[in-house]
Amino acid sequence: METIIKSIYNNYINYIGTGKVADYIPPLAKVSPDKYAISICTVDGEKYNIGDYKEKFSIQSISKVFTLSMLAPMMGKEIWECVGKEPSGSPFNSLVQLEYEKGIPRNPFINAGALVITDKLLERVPGFSNELLQYVRSLAGSDDIDYNKEVSDSEYVTGERNKALAHMMKSFGNFKGKVSQVFRAYCNQCSIEMSTEQLAQAFLFLANKGINPLSGEQVVSYRDSKRINALMLTCGFYDESGDFAYRVGLPGKSGVGGGIVAIIPGKLSIAVWSPELNKYGNSCRGIATLADFTTELGISIF
Ligand code: GLN
């Protein structure tokens, strides 16, 4: 494993200039495009890290997996009355489909879907923003994880499209809270900063039948972990989900901070960070790295 990771890292060390660092949330534009890190955690407790794996970055939409996992045990199948479980085939912040489909987002991993999930969490969890941080910290086995106020504030003032999504859902009756409050919590969750080392550890429960290997706690049921993995496979990369399944063949989730985390059920989690994004908002070098990883290791879910 170590040799494979090193050789992939070395192959891609100069792979920059193929995409663009996200700039629609202004502080994200300041991140250097040459950052590159790979971290792996296995369910047997092995760890492999290379590159900038200690440096924290904005996890952005990767946070949508944490919020779905937090809500799943509270709501069970009722979740699927307010959000779908089909790939959207549209950009992560698209408004068009939401109008046609009467305010029910296609899935929990596009922005509209994640806003609904956060709305439900705010209704159910007192002190939600603090609880979410504790939740992520316990999964990662590290207290050194926080929101980035500059990133959250910046998205809060510039995120007109996300506010429009929330208002549209409210007009269809699929949104309970105040848009400003829910959007603030959403901006906070997207601004969480983690290193690839922390992120790989935090996703390991999804490779381990829903059990946090650090604490032995059943975070989500086996059934829910299977389902969350299925949703990551079909919807984790927006309108590039089919291509990611084709090239990499693993459930995973991306964020516009350039992070990608993927799961091999029963075996391991892998997190990659490289900030340059393709036109779908997914990390160019992250996808290339993972495609080589599954091919060279000879394991994918297919
Ligand atoms: N906070 C970002 C947004 O809402 C998250 C998008 C992403 O990472 N794809 O636009």
Side-chain angles (χ1 to χ4, degrees), residues 19-31 35 56-68 83 87-95 97-98 105-119 121 129 132 136 147-169 175 179-194 196 199 203 231-232 234-241 243-244 252-262 271-284 286-287:
K20 211 171 156 289
V21 178
D23 57 6
Y24 74 100
I25 302 171
L28 296 185
K30 294 191 278 191
V31 179
K35 297 290 176 193
K56 292 190 197 152
F57 61 95
S58 200
I59 67 166
Q60 293 295 322
S61 281
I62 295 172
S63 64
K64 292 168 180 165
V65 181
F66 293 131
T67 49
L68 177 64
V83 58
S88 69
S90 310
F92 59 80
N93 54 6
S94 171
L95 277 156
Q97 196 170 50
L98 195 58
R106 272 288 173 102
N107 67 67
F109 296 150
I110 51 174
N111 289 7
L115 283 159
V116 166
I117 299 289
T118 302
D119 181 41
L121 282 166
S129 284
L132 177 64
V136 175
Y147 298 122
N148 178 317
K149 193 165 165 11
E150 187 198 355
V151 173
S152 175
D153 287 352
S154 161
E155 179 161 18
Y156 189 73
V157 294
T158 56
E160 300 306 339
R161 183 173 274 270
N162 283 330
K163 285 180 235 170
L165 290 168
H167 282 293
M168 170 100 81
M169 290 189 286
F175 203 88
V179 169
S180 57
Q181 258 167 22
V182 178
F183 185 51
R184 171 47 87 181
Y186 171 85
C187 293
N188 283 344
Q189 81 188 40
C190 291
S191 81
I192 291 176
E193 290 188 326
M194 294 170 78
T196 54
L199 201 54
F203 266 65
L231 285 166
M232 289 202 292
T234 51
C235 313
F237 298 83
Y238 319 111
D239 38 346
E240 200 182 17
S241 299
D243 197 58
F244 187 85
K253 185 74 202 83
S254 65
V256 292
I260 297 183
V261 55
V272 184
W273 174 44
S274 175
E276 283 191 349
L277 309 178
N278 62 21
K279 65 175 179 188
Y280 304 103
N282 300 319
S283 168
C284 304
I287 294 178

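Atoms within a ligand are numbered from 1 in the order they appear, just like the ligands themselves.
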Please could you name the atoms of ligand 1 that [X] approaches to less than 4.0 Å, counting only its heavy atoms?
X: G255; answer: 8 (O)
X: Y238; answer: 7 (C), 9 (N)
X: Y24; answer: 2 (C), 3 (C), 5 (C), 6 (C), 10 (O)
X: N162; answer: 3 (C), 4 (O), 10 (O)
X: Q60; answer: 1 (N), 2 (C), 5 (C), 8 (O)
X: C190; answer: 1 (N)

For [X], which part has a heavy atom under 4.0 Å from ligand 1: side chain, backbone, both, or neither?
X: N93; answer: neither
X: S61; answer: both
X: N111; answer: side chain

Ionic contact status for K30 with D23, cut-off 4.0 Å: no
Any donor-acceptor N/O pair, K253 side chain to S63 backbone, under 3.5 Å: no
Would you say ligand 1 has an N or O under 3.5 Å from any N or O of [X]?
X: Y186; answer: yes
X: K64; answer: no
X: F92; answer: no

Distance-only polar pair, side chains of Y238 and S61, donor-acceptor under 3.5 Å: yes
Whether F92 and Y24 hold their rings parallel, tilted or perpendicular, with breakpoints at 30° and 60°: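 Answer is tilted, since the angle falls between 30° and 60°.
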Euclidean distance, I192 CD1 relative to F57 CZ, rounded to 0.5 Å: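 Here the interatomic distance stands at 11.5 Å.
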Evaluation steps, side chain to side chain donor-acceptor pair (under 3.5 Å), between N111 and N93: CA-CA 6 Å; N111 289 7; N93 54 6; 5.9 Å; no
Which atom of P105 lies closest to which atom of I110, heavy atoms considered: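 Looks like CB-CD1, 4.3 Å.
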Quiz item: cation-pi between K64 and Y186, 6.0 Å / 45°: no
